[in-house]
Amino acid sequence: MIDPRGQAVLILDRESGQFQDKTSEVREVEPQADGRVGVVFTRGRRYPYGKDRVRVLRNPERVEITGDARVEVQGAVWENAFEVVTFAAPEGAWSRVFYRIRGSEKHLLYPASQVRVLTSATGSGPAADVLRYWRTILSGLPADDPLVRPYAKLGGFVHPESVLGTYLVGAPIEPRELDGIPIFPFRCNLSQREAVENGLTRSISVIEGPPGTGKTETILNLLANIVIRGRTVAVVSQGNSAVDNVKEKLDRLGFGHVLANLGNADKQEEFFKDQPARNAKVATLAANIPQPPDLDRLAKVDERLRRLQSAERNRAERRQELAAYRLELRHFEHHLEQGAGEIPDLTGLPLLRRSSGRILDYLAESELEREGARPGLIRRIRKYFKYGSLRGLDPDDTSAVLRLQRAYYDKRIAELDREIAQLDDELQRADFDGLAQEHRDLSVQTLRAALGARYRSSSRKTYQKDTFRLGKEFAAFIADYPALLSTCHSLRYSIASGFLLDYVIIDEASQVDPLVAGLALSCCRNVIVVGDLKQLPPIPPESAAEPAPPSPAYDCARHSILSSLVELYGDALPRTLLREHYRCDPAIIGFCNKKYYGGDLIPYTTSREARPMIVVRTVEGNHMRQHRSGGRSNQREVDVIEAEVIPEHCAGIEAAEIGITTPYRLQADKAGDQLDTIAADTVHKFQGRQKEVVIMTTVLDETWRGRSGLKFVDNPQLINVAVSRAIRRFVLVTNHDMLPTSRHIRDLVGHIRYHDPDGGVEDSAVVSIFDLLYRDYSRRLRSLARRLKNERQYKSEDIAWTVLHDILAEEQYEHLTVVAQVLLKNLFPDVSALTPRQARYVGNRASVDFVVYNRVTNQPQLAIEVDGFAYHENNPEQLKRDELKNEIFRIHSMPLLRLPTTGSREERRIRQALDAAERHWAQKAAR
């Protein structure tokens, strides 16, 4: 009998045209005189073959599989292979793979191109260190934890071409060219286009999807593009609910047959039971394959639509800006009513007929002239042509300045109205909606044609739950179902052992820790991570608190897989922020946008409610209760919701579209029991859900026990999730003092008060300074300062300006912004408490060098003056004016920090002043 380790006998099968391995059936091979080959089989029969039908291969190369090495055969890793013997041949080499099954040694022969010996990615030191760290955490988990078994199955081998192998060592992210035009069977916009293209052209990419920005549509479009390119993909998440939405929407479009929903035992049972009905649909599709659309037509429609989507985004940005200016104007008018007095109409002034930009230019330039020398003849001539005649305009008259500010608002609002009307007209004339629908129809036609061609060439098959992952069976299965749905924990049990999917998409990745994500990363060559760093992170296992990670990026105690990748790759990580928002009322998402997303989101929604955000506070008293179990509840807040909030603020809304959320489980249970027709749950459980109206109960009161819970309740990610669940209305139910020592809830209350100035909430005497106006003014002022650099009186202010921006870029001060040269009249419109001398000083266009504002509530926090030695400390007259200004600030309880240019440690003083101002306003609000 021929030794399979020393020889291989192949005989050509005439029917298939393929060489087949007959080594185990042949005793010997002898050449014959007639030129043929005699083959003696083990059964004793001798049979002559033509030379062209027999190949006898000898002198093989042998490789033993030891340690963490593995053998990959036809794309699947064989855990039980222990040796590979490779024979050279003129038509191409062959490899015999030896493996053990149930204690017996077996072997199979394959073309060498289908067999590879792989070295585990854990061979490098860094990768092995991360796995050791993970296994330390795993050792502290209960034996029935869902992570224990799959990591035991993973063993010490990580496929070197898997994303996990790349991630463990921080290897570079691989780029590639985009093959073909992407299709978009589901809604798309500019951000989603970028996300899809990044996902198709990078081995690792991130999609940051804030609430209501179309994460699911983006995932569906990615899935469609992957499938039509003949690739395989799995959509996974921490739990099953996140991916259920993917299945529902794909079913609705008629393409659910590409999915295998294998998330848990129940879903697998349902999937395998429903195969006959699914196969019947596929047979119908394969019998009615539509013609694929003309690719040139698709490309032209795609190009036109992309241009119009840019106009659509521009329109949404202009609408957002217009709403902000109109709200700002309301506050400006209220400011004038409070004490600014009569303002001149300046009839006939040419400047009032110029653009809003010209008015801002004049305000900025006149401020610079007050600091420096008066303009010469040439500059006065230039000003005449730029602004027209300025006769009758006194730039030192505060009332005249206020009139110009009012004119700026009127002009800017009118300009935005015209821009929006022009964009409306452009989109209407181009039939934007019709073009978008045509683009979706062409994309759907492309997808249907590609799938029809795929299924036409294969027969319908019913797979069995116990065998679908075995050998050639899985190859057929994944061709039939190129898209899988699963949890991160279960994915390895949903594919053949060692098989690598082309793509894995991790949804809700901000709630998936690196240890859980590692299981999914071990199953794919490319990963697309979808999540939101500004929402709640995963709750780490308790065992993650002790061991030290080998690198901060892999720290399971503080990272999700999303934040881990961001820290690991930094700017090299392809990240797309989905900017277009389609869910919440503009005021609701406006809070989240300004507070958490840096103003990057663009609301495409319009308001349907007169009061989309409301604060309802309970009567004075300590209503919170601390339970011995450790939880907290507040019955009074539940009663307020039942008796007042739902009847008054939820009228006409179905109970199923109302949600009550809270940081505390006991409070959620209490609300759910008392209001059993309305969904009530913790904020953590509400993540990923949405309701027409969301009511948040904060539970805490002003006792020391209540304040001890503030760190938990005032978590910025928790507040972001709670607010962004609401579509039409958000109601905050809180204690009488509205948690004045909080930071994020206090900002939320301030935002609501700012958007509803007539809501009956008392404001302090220090009013909003209209940061929208002054942001534009400040930007132009700095630009002019750079151009007129030699004419500025004080260079020290430029230095302080830079230092302030550096400090405010730090995380603890990111909610603050700074504005230069602010009028005292705008800070303190009510001069009734001042002496006549102080009032005259304020009315003479007195200003302060810098004011630090809360960018969310627009409230001033701290004023800063830069005092040069020669002009201040060494000038008795100026010192008197400085003291006059100090008195005005003291009367209005506004913190003022003076920075003499002869001092030192200014950065520390600024930080101390910012922290003291934060405490000052919190204490003032608590009184």
- Quick one: do S510 and D532 satisfy side chain to side chain donor-acceptor pair (under 3.5 Å)? Show the steps, please. CA-CA 6 Å; S510 50; D532 181 5; over 6 Å; no
- Query: Do side-chain atoms of T136 reach the backbone of R132 as a donor and acceptor pair under 3.5 angstrom?
  - Reply: yes
- Task: Assess whether side chain to side chain donor-acceptor pair (under 3.5 Å) is satisfied between S486 and Y493, documenting all intermediate values.
- Result: CA-CA 10 Å; S486 180; Y493 299 101; over 6 Å; no
- Atom CD of Q114: over 12 foreign heavy atoms under 6.0 Å: yes
- Note on the structure: Closest non-hydrogen contact found for Y133 with Y554 is CE2-O, 3.1 Å
- Query: If you look at every heavy atom in T23 and P4, which pair is closest and at what distance?
  - Reply: CG2-CA, 4.0 Å
- Compare all side-chain heavy atoms of I219 with those of D507 and state whether any distance is below 4.5 angstrom. yes
- Here the gap from S522 atom OG to L154 atom CG, rounded to the nearest 0.5 Å, amounts to 5.5 Å
- Item | Nearest atoms (heavy-atom pairs only) where I528 meets G199 | CD1-CA, 3.8 Å
- Task: Kindly state whether the ring of F499 and the ring of F477 have centres lying under 6.0 angstrom apart.
- Result: no
- Message: Would R102 and N80 count as a side chain to side chain donor-acceptor pair (under 3.5 Å) here? Give the steps.
- Response: CA-CA 10 Å; R102 291 188 289 273; N80 52 358; over 6 Å; no
- Query: Hey, are N526 and S203 close enough side-chain-wise for a donor-acceptor pair under 3.5 Å?
  - Reply: no
- Item | Salt bridge D244-K247, side-chain N to carboxylate O under 4.0 Å | no
- Using a strict cut-off of less than 4.0 Å between a Lys/Arg side-chain nitrogen and an Asp/Glu carboxylate oxygen, indicate whether E473 and K461 qualify as a salt bridge. yes
- Item | R53 to Y49 six-membered ring, cation-pi geometry met (6.0 Å, 45°) | no
- Query: Can you tell if the side chain of H489 reaches within under 4.5 Å of the side chain of L147, non-hydrogen atoms only?
  - Reply: yes
- Message: Would you compute the distance between atom CZ of F272 and atom CD of Q464 and round it to the nearest 0.5 angstrom?
- Response: 8.0 Å
- Atom CG in D129, atom OG1 in T122: separation rounded to 0.5 Å? 11.0 Å
- Assert yes or no for the condition that the ring centre distance of W94 to F87 is strictly below 6.0 Å. no
- Please round to the nearest 0.5 Å and tell me the distance separating atom CG of D13 and atom CD of Q18. 8.5 Å
- Query: Can T487 and S490 be counted as having a side-chain donor-acceptor contact under 3.5 angstrom?
  - Reply: yes
- Note on the structure: Value for CG (L259) from CG (L223), rounded to nearest 0.5 Å, stands at 6.0 Å
- Query: Any side-chain donor paired with an acceptor under 3.5 Å for N221 and T218?
  - Reply: no
- Task: Could you walk me through whether V37 and E30 pass the side-chain contact (heavy atoms from CB on, under 4.5 Å) test, one step at a time?
- Result: CA-CA 6 Å; V37 177; E30 300 175 346; over 6 Å; no
- Query: side-chain contact (heavy atoms from CB on, under 4.5 Å) between D266 and E270: does it pass, once the steps are laid out?
  - Reply: CA-CA 6 Å; D266 291 339; E270 182 181 357; over 6 Å; no
- Message: So for atom CD, which belongs to Q32, do other residues, nucleotides or ligands contribute more than 12 heavy atoms lying within a distance under 6.0 Å?
- Response: yes
- Query: Are the side chain of S237 and the backbone of E508 linked by a donor-acceptor contact shorter than 3.5 Å?
  - Reply: no
- Is it true that atom CZ of R14 has more than 12 heavy atoms of other residues, nucleotides or ligands lying nearer than 6.0 Å? no
- Message: A side-chain contact here means heavy atoms from C-beta on lying under 4.5 Å apart; do I204 and L565 qualify?
- Response: yes
- Message: Under 6.0 Å from the ring centre and within 45 degrees of the ring axis: does the NZ or CZ of R27 meet both conditions for the six-membered ring of F41?
- Response: no
- Query: Taking Y463 for the side chain and F474 for the main chain, is one N or O donor matched with an acceptor at less than 3.5 Å?
  - Reply: no
- Query: With a 4.0 Å cut-off, would you call R202 and E177 a salt bridge?
  - Reply: no
- Run the side-chain contact (heavy atoms from CB on, under 4.5 Å) check on V84 and R96 step by step: do they pass? CA-CA 6 Å; V84 175; R96 175 167 283 127; over 6 Å; no
- Query: Less than 4.5 Å apart, any side-chain heavy atom of P541 and any of I137?
  - Reply: yes
- Query: Is the CD atom of E105 crowded by more than 12 outside heavy atoms at less than 6.0 Å?
  - Reply: yes
- Is there a donor-acceptor pair under 3.5 Å between the side chain of S563 and the backbone N or O of H559? no
- Report, as yes or no, whether the 6.0 Å neighbourhood of atom CZ on R149 holds more than 12 heavy atoms from other residues, nucleotides or ligands. no
- Message: If you count every heavy atom of other residues, nucleotides or ligands that lies below 6.0 Å from K51 atom NZ, does the total exceed 12?
- Response: no
- Task: Walk me through it: do Y503 and V527 pass the test side-chain contact (heavy atoms from CB on, under 4.5 Å)?
- Result: CA-CA 6 Å; Y503 290 85; V527 70; over 6 Å; no
- Task: Could you label the plane-to-plane angle of the F98 and F82 rings as parallel, tilted or perpendicular, counting under 30° as parallel and over 60° as perpendicular?
- Result: tilted
- Query: If we only count heavy atoms from C-beta on, is the V206 to L562 side-chain gap below 4.5 Å?
  - Reply: yes
- Query: Would you say R100 has more than 12 foreign heavy atoms packed within less than 6.0 Å of its CZ?
  - Reply: no
- Message: Here's one to test your reading of the geometry: is the NZ or CZ of R575 within 45 degrees of the ring axis of Y569 and under 6.0 Å from its centre?
- Response: no
- Using a cut-off of 6.0 Å, state whether more than 12 heavy atoms not belonging to E79 lie near its atom CD. yes
- Does the ring center of Y455 lie less than 6.0 Å from the ring center of H257? yes
- Query: Within a strict 4.5 Å, meaning less than it, do heavy atoms of the Q20 and I11 side chains meet?
  - Reply: no
- Task: Indicate whether the side chain of N198 and that of R193 have a donor and an acceptor atom separated by less than 3.5 Å.
- Result: no
- Message: Assess whether a salt bridge exists between R229 and D179, defined as any Lys/Arg side-chain N lying under 4.0 Å from an Asp/Glu carboxylate O.
- Response: yes
- Taking every heavy atom of K249 against every heavy atom of T216, the minimum-distance pair comes out as CD-CG2, 3.9 Å
- Atom pair CG (L484) and CD1 (I505), whose distance is rounded to the nearest 0.5 Å: 11.5 Å
- Item | Criterion salt bridge (Lys or Arg N to Asp or Glu O under 4.0 Å) on D21 and R55, from CA distance to verdict | CA-CA 10 Å; D21 181 23; R55 295 288 185 271; over 6 Å; no
- So, for S162 and H159, which heavy atoms are closest and what is the spacing to 0.1 Å? OG-O, 2.7 Å
- Between R5 and E83, does at least one N-O distance fall below 4.0 Å, as a salt bridge requires? yes
- Parallel under 30°, tilted from 30 to 60°, perpendicular over 60°: which one fits the rings of F271 and Y481? perpendicular
- Message: Using side-chain heavy atoms (C-beta onward) and a distance below 4.5 Å, is I183 in contact with I228?
- Response: yes
- Close side-chain approach of L220 to F255, heavy-atom, < 4.5 Å: no
- Item | Nearest atoms (heavy-atom pairs only) where V29 meets V56 | CG1-CG2, 3.9 Å
